[in-house]
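Lettering of chains follows the sequences in order, A, B, ..., and the numbering in each one begins at 1. Just so we're clear, the structure is a prediction, and the values are computed from it rather than from any experiment. Values reported hereafter were calculated over all heavy atoms of this structure, with side chains retained and with hydrogens, waters and symmetry mates removed.
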Protein chains: 2
Amino acid sequence: MTTTRASHDGAALRLAAADASLIADSIRSAGLKVTAPRLAVLRALTGMPHSSADALFGAVRSDLPGTSLQAVYGVLSSFSTAGLVRKIEPAGSPALFERRVGDNHHHLVCTRCNVVHDVDCVVGHAPCLTPADALGFDVRAAEVIYWGLCASCQAETAHP
Amino acid sequence: MTTTRASHDGAALRLAAADASLIADSIRSAGLKVTAPRLAVLRALTGMPHSSADALFGAVRSDLPGTSLQAVYGVLSSFSTAGLVRKIEPAGSPALFERRVGDNHHHLVCTRCNVVHDVDCVVGHAPCLTPADALGFDVRAAEVIYWGLCASCQAETAHP
DNA sequence: TACTTGTTTTGATTTACTCAAAACAACACA
DNA sequence: TGTGTTGTTTTGAGTAAATCAAAACAAGTA
């Protein structure tokens, strides 16, 4: 069993290493320096999309103690301007971050438990990008948030 | 000229009075007590839609000094739960309020000057209310914000 | 006119985030 | 393999927006 466990650990380590170098690559190719806090934040965000700066800080702190919350804010801000992560700001919630960028997907937010899910656009690719009357605006982005009850909160409210 | 002005003032006063009583009526019929701060806030909001609590506080203070900012927050919160006003929270901005409620209209926000305009929905009445895959959510509302440059900011950025 | 209930004031507190300066580390180049 | 430049992180302070709680007060009702 020890041997098996060791070999599993070895596989996990190789995977983690491959993952780490992929993450480092994506940071580097965004034109940013690769640092420990950046690796830690991007790795945490991979495992927990739609996370707040504070939640990521908690995750990062456990495997890289000494990282400051301000560093997490700084990392997320540089990632965001580099196009490496996307920032969403649902009403009544702190800003959330996700690695899925470049498509125009939208979000479902549960009004009860605040869980967030990604959804693709209703009408194809660039649907909501054209309002009925743009009133002279040069529209660059459309942001859509669907508010409702997620499946498990529907179940819970049905059986209180 | 004095007579004319007086008659205009009279008309304006009658209009203002009619307006004030209409505003009082809408507060009352929302099941809320009619108070001076509420009248002042709702009147200010009529003249300046898409205003923040702070902006409304500024407007209200000038014709009802002694009103506190917290009172404005309280007024807006009771209006909001009574369905008398709608609260929108564009990313990076304090919450904004408007009297136009009950339809599912959306918003155009200028990324440069932050001006907000209302727009009707793209695909008819309840279009965006149906995401491609709701993932088990019971969707109750869809919020759409279009980000772009308003006409005058386009002109200004073209001629810097 | 007084009573009850809801509203507003006053003052403190919280959350999410930003700013600035000094210490430090990554990457390029010698 | 060290050295320098540049960008990043830490440390510490500060801000904006909003919320909470208790006491003073006013609206509507009887």
With sequence neighbours excluded, what pairs up with Thr67(A) under the side-chain contact (heavy atoms from CB on, under 4.5 Å) test? Pro37(A), Val60(A), Leu64(A), Ala71(A), Val72(A)

Going by the rule side-chain contact (heavy atoms from CB on, under 4.5 Å), which residues pair with Arg28(B) if we only count those two or more places apart in sequence or in a different chain? Ala24(B), Asp25(B), Val34(B)

Atom-pair distance ([atom1] on [X]; [atom2] on [N]), nearest Å:
| X | N | atom1 | atom2 | value |
| --- | --- | --- | --- | --- |
| Leu76(B) | dT7(C) | CG | P | 14 Å |
| Leu84(A) | dT8(D) | CG | P | 13 Å |
| Phe79(A) | dT8(D) | CZ | C1' | 12 Å |
| Leu42(A) | dT8(D) | CG | C1' | 16 Å |
| Arg61(B) | dT8(C) | CZ | C1' | 16 Å |

Between the two end axes of the helix from dT1(C)-dA30(D) to dA30(C)-dT1(D), each built from 5 base pairs, what angle do you get to the nearest 10°? 30°

So, does [X] use its side chain to make a donor-acceptor pair with the main chain of [Y] at under 3.5 Å?
| X | Y | value |
| --- | --- | --- |
| Glu89(A) | Leu96(A) | no |
| Thr46(B) | Leu42(B) | yes |
| Gln154(A) | Gly136(B) | yes |

Heteroatom pairs (N/O) under 3.5 angstrom, protein to nucleotides 17-21 of chain C:
| residue | atom | partner | partner atom | Å |
| --- | --- | --- | --- | --- |
| dC17(C) | OP1 | Ala95(A) | N | 2.9 |
| dC17(C) | OP2 | Tyr73(A) | OH | 3.0 |

Are Glu156(B) and Arg112(B) close enough for a salt bridge, meaning some N to O gap below 4.0 Å? yes

Have a look at Leu32(B) and tell me which of Val75(B), Thr81(B), Ile27(B) forms a side chain to side chain contact (heavy atoms under 4.5 Å, CB included) with it.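 When Val75(B), Thr81(B), Ile27(B) are each tested with Leu32(B), the side chain to side chain contact (heavy atoms under 4.5 Å, CB included) holds only for Ile27(B).
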
For Phe57(B), does the six-membered ring have the charged nitrogen or CZ of Arg61(B) within the cation-pi criterion, i.e. under 6.0 angstrom from the centroid and within 45° of the normal? yes

Using distance alone, with no hydrogens and no angle criterion, decide if Asp120(B) and His106(B) have a side-chain donor and acceptor under 3.5 Å apart. no

If we count only N and O atoms by modelled type, under 3.5 Å, do the side chains of His107(B) and Glu143(B) hold a donor and an acceptor together?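 Checked: His107(B)/Glu143(B) side chains show no N/O donor-acceptor pair below 3.5 Å.
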
All ring pair (Phe, Tyr, Trp, His ring centres under 6.0 Å) counterparts of Phe137(A), not counting sequence neighbours: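 If we apply the ring pair (Phe, Tyr, Trp, His ring centres under 6.0 Å) test to Phe137(A), skipping adjacent residues, the hits are His117(B).
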
Can you check whether Thr35(B) has a side-chain N or O nearer than 4.0 Å to OP1 or OP2 of dG6(C)? no

Mind checking Thr67(A) for me? I need base, sugar-phosphate or nothing, with any heavy atom below 4.0 Å counting as a touch.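 Touches sugar-phosphate only.
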
Does anything in residues 26-33 of chain B reach DNA chain C, meaning a heavy atom under 4.0 Å, and if so which residues?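 Within this stretch, Leu32(B), Lys33(B) sit under 4.0 Å of the strand.
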
